[in-house]
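Quick caveat, the model's predicted, so the values are computed rather than measured.
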Amino acid sequence: MEAIKRSVLGRVTFALALVAALGIGTTAYTALDTQVAYAAQPGWQQVGEKWKYIDESGQPVKNEEKLISKKWYQFDNEGWMVTGWWLGEQTIDTSGTREKCWKYYNAAGDRAKGWKKLNGKWYFFDVWANCEGAMFHSGWHYVGVGYSPSYFAYFDNSGVWVTNRWVRDRLSDELWNYLDESGQPVSGWKKLDGNWYRFRSEGDEGGAQPGKTALVGWWKVNNTWYYFKDSCAMATGWQKIGGSWYYLGSPNDGAMKTGWQKISGAWYYLGGSSDGAMKTGWQKIGNSWYYLYSSGAMAANTWVGNYHVNGSGAWDKSR
């Protein structure tokens, strides 16, 4: 019996010596007592597949985030190191006000920072000075030089980086951007779901909208006038705008037409080069008078009251 005790004590002594040599807080077990006993020195301690961290007092860190070797780790209320998603807190103003926020801890336990792809979706975790690793969400956020996309990116309410989608403009909630596959606002012409849209580009004339916002209202693009509805879609065909009728071409055209235009077999006069509004009644165009019905269609080869218009629509003074 004495020999067995000496053998057991010898193995325990060897194990404790190994712990001291390695400088880690590995859990020690005795053959006579299966209860866990923490090593006195601080450091990491593995229990099964889980980890704890022993502080200077010899106790496991619990229910807090701790900086260890220049990396942040979160420990739950039982002292286990956290991995994956964690609902933590961050400071939101200079008075020290705290609010809940989502953070992510890598498989090794260190807190995620910057861009991270999870289950096929991209997220961004705060990396700036005094940051606390909060997940960006619900709108535009600055992601900084050195990241792609640089400067600003848009995240949905669940924190997922948004691409190929309409979003509110960063500077005005009344205006819209469309984000391409790189998450950046597009500019110029773009066809979406069968409609054409114009996103403000250099040289576009019409209003004070910021660059890359979807145009609304009348805009002059490359010396041609277009009208964009409240939905931002380019208007086409006949449109009544501000009390006047305009013809804005085919579905793939949209350009405001002016002058004489033959539409669906009838002739219409749509004003001068900067006008475009459909005319009605008697109109002097060039050196001739024409009569345009209330529909805008030109009268031809007929009497209008006591006046006769010929086959080309001009008033025939000889009759």
Side-chain angles (χ1 to χ4, degrees), residues 15 18-29 34-92 98-139 141-150 152-164 181-183:
L18 180 61
V19 166
L22 293 176
I24 59 175
T26 306
T27 306
Y29 295 90
T34 59
Q35 297 297 316
V36 175
Y38 294 111
Q41 72 276 14
W44 287 105
Q45 180 183 52
Q46 185 175 11
V47 181
E49 296 183 355
K50 297 182 178 182
W51 289 87
K52 294 190 175 186
Y53 190 81
I54 309 306
D55 64 17
E56 296 295 333
S57 69
Q59 297 299 313
V61 177
K62 293 183 179 181
N63 201 30
E64 69 172 277
E65 194 176 39
K66 186 173 181 63
L67 183 64
I68 303 170
S69 300
K70 299 182 179 180
K71 295 182 179 181
W72 287 96
Y73 298 83
Q74 176 70 44
F75 299 89
D76 65 19
N77 57 10
E78 294 183 353
W80 298 116
M81 181 190 78
V82 170
T83 59
W85 290 102
W86 178 261
L87 185 58
E89 292 185 339
Q90 66 172 342
T91 302
I92 60 171
R98 305 279 287 174
E99 72 172 9
K100 296 290 185 182
C101 66
W102 284 102
K103 304 181 183 184
Y104 189 86
Y105 295 87
N106 298 316
D110 57 310
R111 189 178 71 195
K113 60 182 181 179
W115 288 104
K116 189 164 185 69
K117 193 174 187 179
L118 299 168
N119 297 322
K121 298 177 181 179
W122 283 98
Y123 300 80
F124 192 90
F125 299 90
D126 200 353
V127 296
W128 313 129
N130 301 319
C131 75
E132 297 175 76
M135 177 194 78
F136 285 171
H137 65 92
S138 305
H141 292 271
Y142 180 73
V143 297
V145 178
Y147 290 93
S148 180
S150 60
F152 287 93
Y154 192 94
F155 301 86
D156 69 15
N157 292 341
S158 64
V160 176
W161 175 47
V162 173
T163 61
N164 296 312
E181 61 277 0
S182 71

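Scanning for side-chain contact (heavy atoms from CB on, under 4.5 Å) contacts around Trp51 gives Trp44, Gln46, Met81, with sequence neighbours left out. With sequence neighbours left out, Glu181 forms a side-chain contact (heavy atoms from CB on, under 4.5 Å) with Asn164. Lys50 meets the side-chain hydrogen bond (donor to acceptor under 3.5 Å, both in side chains) test with no other residue; sequence neighbours excluded. In this structure Ser158 satisfies the side-chain contact (heavy atoms from CB on, under 4.5 Å) test together with Asp156, Val160, sequence neighbours excluded. For Trp85, the side-chain contact (heavy atoms from CB on, under 4.5 Å) criterion is met by Trp102, Tyr104, Leu118, Tyr123, Phe125, Met135, not counting sequence neighbours.
For an aromatic pair to be called close, the ring centres must be under 6.0 Å apart, and Trp72 with Tyr53 fails this.
Ala153 and Val143 get closest at one heavy-atom pair: CB-CG1, 4.1 Å. What you find for Phe155 and His141 is that their closest heavy atoms are CD1-CD2, 3.9 Å. When every heavy atom of Asp126 is checked against every heavy atom of Lys113, the shortest pair comes out as O-CB, 4.4 Å.
Listed for the Lys52 side chain is a donor-acceptor partner under 3.5 Å among the backbone atoms of Glu78.
Across Thr83, Asn106, Ile68, a single residue satisfies side-chain contact (heavy atoms from CB on, under 4.5 Å) together with Tyr73, and that is Ile68.
Residues Ser138 and Asn157 meet the side-chain proximity criterion, which asks for heavy atoms closer than 4.5 Å.
Among pairs with a residue in residues 62-71, those fulfilling side-chain hydrogen bond (donor to acceptor under 3.5 Å, both in side chains) read Glu65-Lys103, Glu65-Tyr105, Glu65-Arg111, at least two apart in sequence or across chains.
The aromatic rings of Trp122 and Trp161 sit perpendicular to each other, their planes meeting at more than 60°, with 30° as the lower class boundary.
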